[in-house]
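The first residue of the sequence shown is numbered 1, and numbering continues consecutively from there. Every number for a ligand or one of its atoms is a count from 1 in the order of the listing.
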Amino acid sequence: MSEMRTQRESRTGKSHLAMTRMATALAGVLAGSLLAAPARAEPTVEVLHYWTSGGESKAAGALRQDFEASGGKWIDAPVAGGGGDAASTVLRSRVLAGDPPNAVQLKGPNIKDWAAQGKLATLDEVAKAENWDAILPPQIRDVVTDKGHYYAVPVNIHRVNWLWVNPQAMKKAGVEIPKTWDEFNAAAEKLKAAGIVPLAHGGQPWQEGALFEDVVLGLGGADFYRKALVELDQTALTSDTMVKVFDQMRKLRGFVDDGFPGREWNIAAGMLMNGQAAMQIMGDWEKGELTAAGKLPGKDFVCAHVPGKSGYIVNSDSFVMFKSDDADRAAGQKLLAKLILGKKFQETFNVLKGSIPARQDMARDSFDECAVKSMDDLKGAIADNSAVPSMAHEMAVPGAVRGAFLDVVTSHFNSGMSSKDAVQRLAEAVDLAK
Ligand code: GAL
């Protein structure tokens with residue numbers, strides 16, 4: 001009996017083993033077939049940007065909605081701090097840690113720098129399919145390409161040299177919108193006497209750098225601007241015109257309130273909105289802030305050219321895509337690049353952001369009087385060669401040179417430094433940095 005039992009047990013054991021082996025094999029086949037089935041890609045991007053103010057975040061939200069409506073998964077990585085210096089620091093640390101975001105708000109020479117390090121995915125496939133060569137102005141195409149390859153998708157064209165005015169505050173002091181710096185200074189004195197802050201300002205290097213470049217354009221004109229802030233010509237940097245620029249910066253220092261140090265640009269915009277201040281010199285992301293707060297152009301605020309010689313200081317935001325070998329992230333990057341230069345997004349986003357579209361074949365009827373003025377002025381500036389790249393907003397020079405400008409300008413603004421000393425320090429600092 002026991003013999004038979006033993007035989008039966010061994011037979012059962014063998015069939016158990018066979019069953020187990022078969023089950024394992026079947027599971028393997030199933031798993032294999034599941035893995036082999038083309039998993040539906042879920043386009044995903046982690047996006048590093050610095051659009052965190054009221055107007056900026058509304059515009060960034062429009063991009064996110066567009067992306068998610070197209071089936072994408074958006075992982076938001078905002079870094080607060082106007083002008084983007086804080087965001088640049090976070091980007092560098094993320095790349096050093098081997099964990100770059102998928103899509104990053106970046107612009108100007110930084111694009112070519114990161115491309116040269118082999119970190120960026122090229123966007124040629126999307127650019128060809130969407131005909132970017134035909135819809136972008138050459139000035140913008142040159143910024144987002146390197147050696148014939150697209151490394152960034154441009155989102156907009158911002159103008160830096162705008163003067164924003166609260167008409168009610170100006171009326172209270174009986175002053176008109178100034179067209180020259182002498183008129184600006186005279187109006188500012190009257191505003192001060194009327195107890196109104198003439199110039200709303202945030203004391204941060206990029207904001208002082210933007211004031212500086214506006215004065216360089218206003219007093220010296222586009223050719224002088226290019227010589228000094230783009231070509232870094234020592235004669236221009238040490239010229240009498242540059243001394244006059246710092247003289248005017250000293251006057252502007254006298255027209256801001258005591259609370260300006262460290263103030264964010266959008267907080268200064270609040271002073272303009274509530275009439276505490278009468279004017280603010282800022283790029284047209286300011287308009288995005290004002291309209292997000294329900295203010296109307298021509299009624300609650302007026303957009304005017306910064307005093308002095310005419311020109312257009314260009315600042316264009318783009319997104320670069322850091323290389324990723326993850327299929328979902330790569331799919332997300334392609335989808336985002338396609339959407340950003342699509343007509344629908346170019347309208348929705350730029351109306352909210354205060355900028356004008358990067359693509360040139362757009363209808364104008366959704367854009368307000370300030371945006372239309374910007375479109376017309378840009379065309380005119382390209383035609384008479386008075387369109388210049390913004391140094392303060394990282395469009396004109398490498399980061400180290402921009403840093404040299406900002407260091408000297410902001411230390412002059414926040415000290416008793418003479419114009420002649422500032423000019424000398426500027427020429428030396430720029431020469432060392434380039
Ligand atoms: C600029 C940027 C704009 C705007 C501004 C304030 O550098 O290009 O999009 O947001 O900073 O943060």
Side-chain angles (χ1 to χ4, degrees), residues 47-64 76-91 103-111 139-140 143-144 152-162 164 200-214 262-270 272 280-293 312-320 340 345-346 348-358 370-371 374 378 388-397 399 402-403 405-406:
V47 184
L48 175 69
H49 64 88
Y50 51 92
W51 290 329
T52 57
S53 76
E56 291 172 330
S57 54
K58 258 179 109 173
L63 178 53
R64 175 173 190 162
D76 207 28
V79 177
D85 291 312
S88 299
T89 306
V90 169
L91 173 61
V104 177
Q105 181 192 348
L106 201 75
K107 53 188 160 168
N110 298 316
I111 296 170
Q139 293 78 4
I140 298 297
V143 172
V144 296
V153 51
V155 181
N156 59 13
I157 297 176
H158 269 305
R159 179 186 207 163
V160 174
N161 55 318
W162 281 109
W164 304 94
H201 175 61
Q204 296 171 336
W206 73 270
Q207 293 190 64
E208 268 123 38
L211 277 187
F212 168 76
E213 69 184 26
D214 285 327
R263 180 186 286 141
E264 274 293 338
W265 69 274
N266 52 311
I267 307 301
L272 184 83
Q280 186 175 3
I281 294 174
M282 187 53 66
D284 42 22
W285 45 92
E286 174 91 359
K287 195 190 69 180
E289 205 66 14
L290 297 172
T291 49
Y312 192 113
I313 301 182
V314 176
N315 168 36
S316 170
D317 292 303
S318 298
F319 277 95
V320 296
I340 283 176
F345 175 76
Q346 281 287 303
T348 315
F349 177 86
N350 284 292
V351 164
L352 291 170
K353 189 70 173 58
S355 38
I356 59 176
C370 298
S374 183
L378 178 60
V388 291
S390 170
M391 174 280 296
H393 290 279
E394 306 180 87
M395 297 294 290
V397 290
R402 172 178 177 266
F405 275 107
L406 298 193

Output all residues satisfying side-chain hydrogen bond (donor to acceptor under 3.5 Å, both in side chains) with Asp85, sequence neighbours left out; order by chain, then residue number.
Arg402
Which class fits the ring pair Trp51 and Phe319: parallel under 30°, tilted 30 to 60°, perpendicular over 60°?
perpendicular
Tell me, which residues have any heavy atom less than 4.0 Å from some atom of ligand 1?
Tyr50, Trp51, Glu56, Gly82, Gly83, Lys107, His158, Trp265, Trp285, Asn315, Asp317, Lys353, His393
side-chain hydrogen bond (donor to acceptor under 3.5 Å, both in side chains) involving Ser318 - partner list, sequence neighbours excluded:
none
Mind checking whether His393 and Trp206 have parallel, tilted or perpendicular rings, split at 30° and 60°?
perpendicular
Can you name the side-chain contact (heavy atoms from CB on, under 4.5 Å) partners of Ala371, sequence neighbours left out?
Lys287, Ile356, Phe367, Asp368
If we count only N and O atoms by modelled type, under 3.5 Å, do the side chains of Ser53 and Glu264 hold a donor and an acceptor together?
no
